[in-house]
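On a predicted model such as this, the values are computed, not experimentally measured, just so you know. In what follows, every chain begins at residue 1, and chains take the letters A, B, ... in the order their sequences are listed.
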2 protein chains.
Amino acid sequence: MALNAENTTAQNGGSVANEGGCQRFNSMPGNGAQPKTNYCSACAAHKTALCAKLSGEELAEFGALSQHKTFAPGQTLFNEFDEARYYYTVVSGDVRLSRMLDDGRRQITGFKSKGDFIGLGTDGHFSSDAEAINEVVVCQFTVSNMNHSLENFSAVQGRLMEMMQHEVIALQDHMLLLGRKTPVEKIANFLCERAKKYAGVHPEDEMVQEVDVFLPMSRTDVADFLGLTIETVSRTITKLRKAGVIELETAQHVVVKDFEELSMIADGEV
Amino acid sequence: MALNAENTTAQNGGSVANEGGCQRFNSMPGNGAQPKTNYCSACAAHKTALCAKLSGEELAEFGALSQHKTFAPGQTLFNEFDEARYYYTVVSGDVRLSRMLDDGRRQITGFKSKGDFIGLGTDGHFSSDAEAINEVVVCQFTVSNMNHSLENFSAVQGRLMEMMQHEVIALQDHMLLLGRKTPVEKIANFLCERAKKYAGVHPEDEMVQEVDVFLPMSRTDVADFLGLTIETVSRTITKLRKAGVIELETAQHVVVKDFEELSMIADGEV
DNA sequence: CGCTGGATTGATTACCTTCAAGGTTGGTGG
DNA sequence: CCACCAACCTTGAAGGTAATCAATCCAGCG
């Protein structure tokens, strides 16, 4: 597959990050290729992304090798076994990574959002499916550009190493959850993690009580993430609700009434 | 903790790998520190280890920064949350990595053996417990030596990256197993993986029929690896035995009678 | 307003866990 | 050589829990 340059109207001109040639991809699924609209340093994902430790000229050079791209809800970024041509950093939106058995059973291996890197467990070919849950913007680099950056920017390489370590730890955590936790513990854990990651809850904070947690994914996704059925997910959420630990604003909007309690349940310290 | 030089009788003199000062560690659990007995290139683990891509002087230099150490069956290499001072390559024997809940529930996140690296999901502190299943010899490096090698030997760094990628893929595979596979599929999968890794079975081989699989770990370990109870493990093995897919020479020695069939079961293609 | 997809709730079943009892193996010592 | 013991594995019976099957509810939308 070749990269083919194409003219589009720039959404925002004069960006340093776009110097060095802003190529477009056209023949891909999710073909909403678009120039980056501002400096990488202003990118919503930058602070925690692969490029987090880069700044100034290095960041500009790195940015010139990448480009933003949009995927519609439900759209596929790539499938398992596809040859890995690109890696991605999520700029906005939510992506689910999953793996399937022939008969349709599915395990979601992770949800990726702003700042997260996609392409870690990749050895020439992708090891999972990747789909956009809602509208997703990613920052995309070709594998060769990625390798170039790894060789030339030790800060990128260092950050990648960090991210892989955290990924391994997260996967181990999730193995413990899948193999040994009860449905309540699984749901509680899931909500806690979301609260910590997206609602800025820090466990050491005293008096953390009421937290809004938004779930962009469907109950089916939650079930396939936690190794449960959709019915069990629903029933378990109801159980937590009736216990007063959470409330449901809508199905996707959970209000955690007692984070401390939820956290205890999540860790099996009932 | 300081590295303290100490005299011991060399088991084998004149090794290039021992040049540059063969320091000993003394005050650690599993204190059977010992000089490496031969060139790294002759090490049983070398071909697939972190140092696989090194040779000649580089290998010698790398080897000088490491040393072998022996652990008795059941002995702890380290515990979760311990400050990570060392990384390890398994030279011989089997190590289990596990994670526990407060009430004793345990999930084994992996079995490590010859050539495997221990310390991947480590961010300053270890993310799991590590225990020797049988007598284990490891090649141990301090974190700082490891970092030194990563900076100076791109071959080491490249190999580490490969190993992390494979680790992530293996963990994802195992998540699918834990979350979505039935007990029979789990056991079949486990035996297949063992056959492929330790009995040299390559799936593409035609006529692979009878394979010896040795299980150094207990049924409890298998259960905690697969997210089952020990009884279910036992019953499921019995089921496969009665179906003629495997035979039991002893509890630890399984003879796979029909690898093809076992493999199908493992993948849910019943 | 009715339709549709997703979420919840209900009833039943199957399977795995739990609790409990044998069986086997390997090591020790008389 | 055999008895004894401990650890581990296997097998059995009973019970509980989550899966399955099925119906209802709800929100968004044409």
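Atom pair A:Lys181:NZ and D:dA18:C1' shows a separation of 18 Å (rounding to whole Å applied). One atom, NZ of A:Lys242, and another, P of C:dT8, lie 12 Å apart when rounded to the nearest Å. As a whole-Å value, the separation of B:Arg219 CZ from D:dA7 C1' is 14 Å. Atom pair A:Asp221:CG and C:dG6:C1' shows a separation of 12 Å (rounding to whole Å applied). Remark: C1' of C:dT24 and CD of B:Glu249 are 15 Å apart, rounded to the nearest angstrom. Atom CG in A:Leu248 sits roughly 18 Å away from atom P in D:dC25 (whole-Å rounding).
Between B:Val211 and B:Ala199, the shortest heavy-atom distance links the atoms CG1-CB, 3.4 Å.
For the ring-ring contact (aromatic ring centres under 6.0 Å, His included) condition, the pairs that include at least one residue of residues 224-246 of chain A, sequence neighbours left out, are A:Phe111-A:Phe225, A:His174-A:Phe225, A:Phe190-A:Phe225. Under the salt bridge (charged side-chain N to carboxylate O under 4.0 Å, His left out) criterion, the residue pairs touching residues 175-203 of chain A are A:Asp116-A:Lys197, A:Arg180-B:Asp224, A:Glu185-B:Arg105, A:Glu193-A:Lys196, with sequence neighbours excluded.
Both A:Arg180 and A:Met217 lie close to DNA chain C; mapped to their nearest nucleotides by heavy-atom distance, the more 5′-ward contact belongs to A:Met217.
For the helix from C:dC1-D:dG30 to C:dG30-D:dC1, the end axes, each set by the C1' atoms of five terminal pairs, are bent relative to each other by 20° (nearest 10°).
When the nucleotides D:dT11, D:dA18, D:dC9 are ranked by their closest atom to the side chain of B:Arg241, D:dT11 comes out on top.
Looking at A:Arg241 and A:Glu247, no side-chain N of the basic residue comes within less than 4.0 Å of a carboxylate O on the acidic one, giving no salt bridge. In this structure, B:Lys112 pairs ionically with B:Glu167, as a charged nitrogen and a carboxylate oxygen lie closer than 4.0 Å.
For A:Phe126, the ring pair (Phe, Tyr, Trp, His ring centres under 6.0 Å) test picks out A:Phe78, with sequence neighbours left out.
Between A:Gln252 and the phosphate of D:dA27, there is no side-chain N or O to OP1/OP2 separation shorter than 4.0 Å.
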Compile the donor-acceptor pairs under 3.5 Å between side chains in residues 213-223 of chain A and protein atoms, sequence neighbours left out, one pair per line.
residue  : atom : partner  : partner atom : Å
A:Ser218 : OG   : A:Thr220 : N            : 3.4
A:Ser218 : OG   : A:Asp221 : N            : 3.2
A:Arg219 : NH1  : A:Ala251 : O            : 3.0
A:Arg219 : NH2  : A:Ala251 : O            : 2.8
A:Asp221 : OD1  : A:Arg106 : NH2          : 2.7
A:Asp221 : OD2  : A:Arg96  : NH1          : 2.8

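At a threshold of 4.0 angstrom between heavy atoms, the contacts of A:Leu215 with the nucleic acid are absent.
Taking the six-membered ring for Trp and the full ring otherwise, the centers of B:Tyr88 and B:Phe117 sit at least 6.0 Å from each other.
Defined by atom type and a distance below 3.5 Å, a donor-acceptor pair is present between the side-chain atoms of B:Ser127 and A:Gln172.
For DNA chain D, the neighbouring residues in residues 222-239 of chain B, judged by any heavy atom under 4.0 Å, are B:Glu231, B:Ser234, B:Arg235, B:Thr238.
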